[in-house]
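Working notes, beginning with the structure itself.
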There are 2 protein chains.
Amino acid sequence: MASLALPPQAATNARLVSASQNPHNITVNNIAANRQWRVARYPESGEAVSRDLFSWTTDAVPDPAEGEFLVRTVCLALGPAQRGYLAEATQDAFLQPVAIGDVMRGRGVGRIIKSRHPDYPDGAIFVGSLGWQDYSLQQPRGKEFVYSTRLVTEPIAPLSGELGTLGQAGATAYFGLREAGQVQANDHVLVSAAAGGLGSCAGQIARALGASNVVGIAGGPEKCLWLIDELGFNAAIDYQSQDVGERLRALFPHGIDVFFDSVGGDLLNTALGHLAMHARVAVAGFIATDYDPQAAEGPLNYRNLVSKRASMQGFVFFDYWDRYAEAAAQLRDWHRRGLLRSTEHIGEGLEQMPDALAGLFTGANRGVSICRVSPDE
Amino acid sequence: MASLALPPQAATNARLVSASQNPHNITVNNIAANRQWRVARYPESGEAVSRDLFSWTTDAVPDPAEGEFLVRTVCLALGPAQRGYLAEATQDAFLQPVAIGDVMRGRGVGRIIKSRHPDYPDGAIFVGSLGWQDYSLQQPRGKEFVYSTRLVTEPIAPLSGELGTLGQAGATAYFGLREAGQVQANDHVLVSAAAGGLGSCAGQIARALGASNVVGIAGGPEKCLWLIDELGFNAAIDYQSQDVGERLRALFPHGIDVFFDSVGGDLLNTALGHLAMHARVAVAGFIATDYDPQAAEGPLNYRNLVSKRASMQGFVFFDYWDRYAEAAAQLRDWHRRGLLRSTEHIGEGLEQMPDALAGLFTGANRGVSICRVSPDE
């Protein structure tokens, strides 16, 4: 394993060191060290994600007990839901918080380097909740939310692909469109946050599933052009400079059959005003209102669900965990046939994880955001 | 036909007379007159329904042309959607307005008294859009919204039943629960506006379909007791005096599986905070926000659709018109077995139609609101 970036303090005795104290360009080659990002504090209401929320620490690499195995992190996925881990637990909380001082939770792909489980041999590729760290102890888990695991029998090369368009991100969009969205051939499909990780998969997959008109909403002309020129969207709406309602009217003269939405807020409300009969809204998330206490208004246009005999259906990828192989095979087939292009945006180094997470909320990134922590082999 | 209430002015030459000028307790026996309520003006924003919106007129009884038949109105149904006819047409309007000066639209059951259509013989019972009047010319129609018609082969006695719990109101609740709500045995079901026409059917039908816990929301202790004592609801919530959220927490410790909602607004938002996994919200309407410009806030808790993998599905009865016989047979069977009690609230006389409509919005009525216009025979 190359390029372990260890702040010198961490290598000695400091177990909790503020990230801002640590220049992260210092690397030492020390396989015995497990670098970790721990949660230092939760953000205030409305505070953006930043390094200040995390602490950079090191620990010894742990040893697996019977039934466990040690995984070296190769790549970590980034998703807006991770912001939700950084909050006090509430009774009805959907996302389990990560306790202050604990290693930040994150899904990733890694290599098993020391196994005490007969079904998970040394050298095998594993996807699960690895955390923001170099090494983690793992055990098999079912489709329990966040913790679900799988052994990868035919790995995508590079391994970042297991988290990307042909892997988990693509599979999420696939099941959301198929199950919640019930996409049919010739449907007219709208995708919000279309230049994001999930959206960039959803638009392409909707086309591959036979939708005749796929429109993406994104911020700025570069992203909009990218959707059309590179990803095969039929059209794009720049919410920063265009009137979304007017554009929807023009681009969906017969209404939206399927809306794949990760944004919520005003955008959802506007789109609900342009549904076709029997439309389906697949609700993947609501980044617009998630962490903005000012944006706390619901979509009054939900009332169009009656006039349009339409549905809104929330979905969570893990519910389809048992069917992962179906999605993976389909995604790879589309990829081979040129219908699905990888959109991974890969950052380098565990050190930049907080910045990468922050980038999901500033619109800095496009495509599926992944961080490479160590080489594939 | 007995007891035609004709204001004396109307019997002479006045074709459009303000209702407030007409004492409606004067009756004359004049079969040649067709009494009608016409729309005089649309309500202002936020204005309640009242007699002032209508004009009482008389016209000659029309003669059917080839392919038409003349129907004598026996009973008229009342529903909150009728308020929606009293508005200027908008591009995306769900409900077609009734033009100023036209006879008010309303569904009803009647008897064919003069037919020029071979399939609709004299004496047969007919359900369709009869309008607020004594007589109407009709022709068969498919399942087009509002105008759909059916010939009644095995009429319920009295004929008001065709519009009530065992007829159209019950069938609406039946399809809403079955199709949009996907009610399963042992489900825990919440019904809003439960003492209303649709709600009083929905709660009973949910029980008949095997739901193990059916809770109704209604205004005031009398209605709440009525739900429990007479209609077999397991519990009721008095939204006027109780904290709905607290009561939902107590009555649905494992969450709401199906919410049959005609109210919307704050109530919907609160209920969305108490969904069980894979819950279904059957959206029948939204009387709370329909005509109140102040209540224009959407349900922010729609976001729970994701954490609960839940759905909201709008439905309109007319979509299931082709399956009416299925519902009718099932409803009658439940009725025979004591599982479904008729809840019709029957007003007497065409004259009181505006008051009956207004009563839907003031909570004055309970059960399915129907007006008897003439005797069955």
Side-chain angles (χ1 to χ4, degrees), chain A residues 81 84 90-96 145 175-176 179-180 182 245 249 255 261-262 264-266 268-269 272-275 277-290 293 295-320, chain B residues 81 84 90-96 145 175-176 179-180 182 245 249 255 261-262 264-266 268-269 272-275 277-290 293 295-320:
Chain A
T90 59
Q91 200 194 338
D92 301 323
F94 173 40
L95 301 168
Q96 279 285 103
F145 179 61
F175 288 116
E179 302 301 325
Q182 297 277 320
R249 203 182 323 274
D261 184 37
S262 321
D266 287 344
L268 170 61
N269 198 51
L272 285 170
H274 295 269
L275 298 182
M277 284 292 283
H278 305 293
R280 289 84 69 200
V281 180
V283 185
F286 23 79
I287 199 168
T289 59
D290 241 355
E297 234 181 74
L300 190 62
N301 284 337
Y302 93 90
R303 301 186 298 189
N304 289 340
L305 297 181
V306 174
S307 56
K308 302 303 184 185
R309 289 77 148 164
S311 71
M312 296 179 72
Q313 167 83 53
F315 72 95
V316 169
F317 170 61
F318 299 94
D319 292 345
Y320 306 103
Chain B
T90 59
Q91 199 195 338
D92 300 323
F94 173 40
L95 301 169
Q96 280 284 104
F145 179 59
F175 288 117
E179 302 301 323
Q182 297 276 321
R249 202 183 322 275
D261 184 36
S262 320
D266 287 345
L268 171 60
N269 198 52
L272 285 169
H274 295 269
L275 298 182
M277 285 292 284
H278 306 292
R280 289 84 67 200
V281 180
V283 185
F286 23 78
I287 200 169
T289 59
D290 242 354
E297 235 183 73
L300 189 63
N301 283 338
Y302 92 91
R303 302 186 297 190
N304 289 341
L305 298 181
V306 175
S307 57
K308 302 302 184 185
R309 290 75 148 163
S311 71
M312 296 178 72
Q313 167 85 52
F315 72 96
V316 169
F317 169 59
F318 298 94
D319 292 346
Y320 306 102

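Note that these values count all heavy atoms, side chains included, but never hydrogens, waters or copies made by symmetry. So you know, we letter chains A, B, ... as the sequences are listed, proteins then strands, and number each from 1.
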- At a heavy-atom separation under 4.5 Å, does Tyr302(A) approach chain B through its side chain, its backbone, both, or neither? side chain
- From CD (Gln313(A)) to CZ (Arg309(B)), nearest 0.5 Å: 11.0 Å
- Message: Measuring only between side-chain heavy atoms, which start at C-beta, is Phe315(A) closer than 4.5 Å to Leu305(B)?
- Response: no
- Query: Considering only heavy atoms from C-beta outward, does the side chain of His278(B) approach that of Asp319(A) to under 4.5 Å?
  - Reply: yes
- Quick one: what part of Ala180(B) sits under 4.5 Å from any heavy atom of chain A, side chain, backbone, both or neither? neither
- Query: Taking Asn304(B), Val283(B), Val316(B) one by one, which has the highest count of heavy-atom pairs under 4.5 Å against chain A?
  - Reply: Val316(B)
